[in-house]
Every structure is written in C-alpha cells, then in structure tokens.
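Read the structure below first, then the notes.
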Amino acid sequence: KMIVMGLSGSPYRANSGALENDCVDGKAFFTECAYTSNIRELMSQGYLSHIENISGEIQADMSNVPMAGSDYNTELMSVKFDAILTPAVADMKKKFKHYGISTAVIYTSNIKNAQHVIDEWGESDEIRILHGGVSNSERNATLEWLKSSEGNRYVVNVNLLITGYNQPSLEAVVFFRATKSLVIYCQSIGRCLRAHDDKVKSYCICYGGNIDRHGAIDNINPPKPKKKRGDTPKKLCEITLDATHTDKEGNVHLSGNACNTPNILSAKYCST
C-alpha cells in the first residue's frame, strides 16, 4: 500500500502515451497525474525563457524513411538530411544573423551529417563539433568555450547534449535531425529553455518537421497510448480422438470428441 510519487520533465513514452495510461506494454505503474506544470505560465512568470519556434523553409522529406524501433532509421534519415544540408546551413546562417543568435546547439543525425554542417559553414572559429569519439578533455573544453567565451559560438552535436546539459544562457537549438520521440524533442529544446538575464527569448529552428510533428514546446501533442492487441486468430483442430473399430478392409473408424486444439491459421499439423 505504499504511495509512490514520480517527477518527470517528459511524462510520456512513445508506446504508452502518458505514464499513467495502460497500453500494449501492460498496466501502467502510475494511476493518475496529480499535477502538470503549464509551460506558458512558467514562461510568463519568468521561470522559463520565452521561445520562438521557426520551421525552416527547407525541410528533409521523411515520408519514406522507415522506423528502427520507436524512431527513424538513423542511417536512412542521414541520407535525407545530407541532401538538404547545403541550402539549409546557408539558411541557418541567415537566421542566426537575423535574430541575433550568438550561441546554439545544432542537433544532427550522425557524425557524417555533423561534419557536412561544419564543411558547409566554412573555415571559422565560430563553430565546433561534439560526438562520442571526441575525448573528454576536448568535450569539456568545447562546453566551456560555448559557455564562457566571447562572440558567436555554435556546437554541432551528435547525441550528446540532449539530457543532463545545463547552460541557461544558451539561446537556440537547431534540428538537422527528425525524431518521432516526443521525449527527445522536448529534452533537446529544454537545453535553451532555461531563463537567463542576458537573453530576451530562445529560438528553436527546425529542418526536420519536428515542430509540425509534435507541436510547439508550449503546446505539444503527447502520443496516444497504443491499445492492447487482440488475440491472434486461431483455427481449431477437427480430428476425432477416439478409435472405435477396424472394418474388414482394415479402415479405422473414429468417433468421439474432436481435438479442438487452437492452432495458428497457417498450421499444417496440429500442435498436439
């Protein structure tokens, strides 16, 4: 009879919707949501930064990219983004200048895409790259540079700065990746959602359709729970089980109850 209370910044999962919803995975551990924060109110009260959501005019076409588990196939997604990166990076640079964005984390599909962004940007001390192959010392130096240096500082990131990274002064996140995961989407935007005295608002710039897919961060569309699947159709074995007698020709005559064992529809032989 223990009472358990959970606290989460992303209280939903791809297969279950809200954490209190029963779904195909089984009965939910939590029974109800006691309190939900209102992001718009937190923004108006100064606890979170106001944010402007900008869908880029250039968008990667994800219509034919298959799923790998609960999210897009990373390698095929990267091909789609690789095709748009030349004009998209140019568009991003224009938006940085137009909105006066001096710090940003740029999310990419994989290391190849991240390097492509760097190449399209051109030789510059304004932009650096972070991924799993970067040493801890270089990673720490890059994060300190992003936090404390002067001038424009942009970090192209591959799956590192989604959770657990806190820099309240960060002004923008950019998506050069698409995701079906509302958790990844919200956690990524959360990197720039912190309030800070030196910024009037934050920016989310997306080239992967995530804003249209999930909604703006202050008006998200949580996933609906997947319903539990019904039982697989079965066919019953009709063979009669009891042998009664053999006639003069040697034929065995059967009588009694049918087997009635459930078998999959494609079965050629009864499982018993």
Side-chain angles (χ1 to χ4, degrees), residues 6-10 13-14 48-49 51 60 68-82 85 88-89 92-93 96 101-199 202-208 210 217:
L7 179 67
S8 175
S10 49
R13 298 294 179 265
L48 293 176
S49 168
I51 190 166
S70 61
D71 212 342
Y72 289 115
N73 179 289
T74 301
E75 290 305 313
L76 295 179
M77 173 172 62
S78 70
V79 173
K80 295 287 189 176
F81 276 92
D82 196 60
L85 281 180
V89 171
M92 176 180 67
K93 293 175 77 171
F96 283 172
I101 297 170
S102 60
T103 57
V105 170
I106 302 163
Y107 295 100
T108 56
S109 303
N110 59 12
I111 296 175
K112 180 181 177 182
N113 279 169
Q115 189 58 53
H116 192 170
V117 172
I118 295 288
D119 294 341
E120 291 295 336
W121 187 277
E123 187 173 346
S124 172
D125 58 2
E126 294 182 335
I127 192 165
R128 298 185 184 182
I129 190 170
L130 277 183
H131 54 75
V134 173
S135 67
N136 287 338
S137 60
E138 185 178 349
R139 181 188 306 186
N140 292 336
T142 297
L143 294 180
E144 183 60 30
W145 167 78
L146 178 61
K147 178 181 179 180
S148 304
S149 294
E150 300 294 329
N152 295 334
R153 294 150 354 250
Y154 311 119
V155 172
V156 184
N157 167 69
V158 185
N159 294 328
L160 288 181
L161 304 181
I162 296 174
T163 62
Y165 173 64
N166 182 34
Q167 182 188 325
S169 60
L170 184 70
E171 295 172 322
V173 296
V174 181
F175 285 103
F176 280 123
R177 64 160 296 178
T179 181
K180 285 279 192 175
S181 170
L182 184 55
V183 173
I184 291 176
Y185 174 69
C186 291
Q187 293 281 12
S188 300
I189 295 176
R191 299 317 99 197
C192 72
L193 207 58
R194 274 77 166 153
H196 192 272
D197 292 339
D198 292 340
K199 66 181 183 184
S202 301
Y203 299 89
C204 172
I205 305 173
C206 184
Y207 296 92
N210 295 310
I217 189 65

Donor-acceptor pairs are to be reported for all side-chain atoms of residues 165-175 against protein atoms at under 3.5 Å, with residues two or more places apart or in another chain.
| residue | atom | partner | partner atom | Å |
| --- | --- | --- | --- | --- |
| Y165 | OH | Q167 | OE1 | 2.3 |
| N166 | OD1 | R194 | NE | 3.0 |
| Q167 | NE2 | L146 | O | 3.4 |
| Q167 | NE2 | S169 | OG | 3.1 |
| E171 | OE1 | S102 | N | 2.5 |
| E171 | OE1 | S102 | OG | 2.9 |
| E171 | OE1 | T103 | N | 3.0 |

Check whether any side-chain heavy atom of V105 sits under 4.5 Å from a side-chain heavy atom of R191, and report yes or no. no
Looking only at heavy atoms, the pair that brings F96 and A104 closest together is CZ-CB, 3.8 Å
Nearest heavy-atom approach of N113 to T108 is CB-CB, 4.2 Å
Can you tell me how far OG of S49 sits from CD1 of I217, rounded to the nearest 0.5 angstrom? 12.0 Å
Worked check of side chain to side chain contact (heavy atoms under 4.5 Å, CB included) between R177 and N157: CA-CA 11 Å; R177 64 160 296 178; N157 167 69; over 6 Å; no
Could you tell me whether the side chain of Y185 reaches within less than 4.5 Å of the side chain of L182, counting heavy atoms only? yes
So which heavy atom on W145 is nearest to which on V155, and how close? CZ3-CG2, 3.9 Å
Checking H116 against E120 for the side chain to side chain contact (heavy atoms under 4.5 Å, CB included) test, could you report, in this order, the C-alpha distance in whole Å, the side-chain angles of both residues, the deciding distance, and whether it holds? CA-CA 6 Å; H116 192 170; E120 291 295 336; 3.1 Å; yes
If every non-hydrogen atom of S109 is compared with every non-hydrogen atom of V158, which pair is closest and at what distance? O-CG1, 4.4 Å
From CG (D125) to CG (N152), nearest 0.5 Å: 9.5 Å
Supply the atom-to-atom distance M92 CE to L85 CG, rounded to the nearest 0.5 angstrom. 9.0 Å
Would you sort out whether I162 and Y107 count as a side chain to side chain contact (heavy atoms under 4.5 Å, CB included), showing the intermediate values? CA-CA 9 Å; I162 296 174; Y107 295 100; 3.9 Å; yes
Could you walk me through whether S78 and K112 pass the side chain to side chain contact (heavy atoms under 4.5 Å, CB included) test, one step at a time? CA-CA 8 Å; S78 70; K112 180 181 177 182; 5.8 Å; no
Taking all heavy atoms of W121 and all of I127, pick out the closest pair and write down the distance. CD1-CG2, 3.7 Å
Only distances under 3.5 Å count here; give the side-chain donor-acceptor pairs of residues 129-141 to other protein atoms, sequence neighbours excluded, each with its distance to 0.1 Å.
| residue | atom | partner | partner atom | Å |
| --- | --- | --- | --- | --- |
| H131 | ND1 | G133 | N | 3.0 |
| S135 | OG | S137 | OG | 3.2 |
| S135 | OG | E138 | N | 3.3 |
| N140 | ND2 | N136 | O | 3.2 |

Between CG on residue N210 and OG on residue S188, distance to nearest 0.5 Å: 8.5 Å
Salt bridge (Lys or Arg N to Asp or Glu O under 4.0 Å) involving D119 - partner list, sequence neighbours excluded: none
Considering all heavy atoms of both residues, which atom of I101 and which atom of Y154 are nearest to each other, and what is their separation? O-OH, 2.6 Å
Taking the side chain from K199 and the backbone from C192, do they hold a donor-acceptor pair closer than 3.5 Å? yes
Once the angle between the rings of F176 and Y207 is folded into 0 to 90°, is it parallel (under 30°), tilted (30 to 60°) or perpendicular (over 60°)? parallel
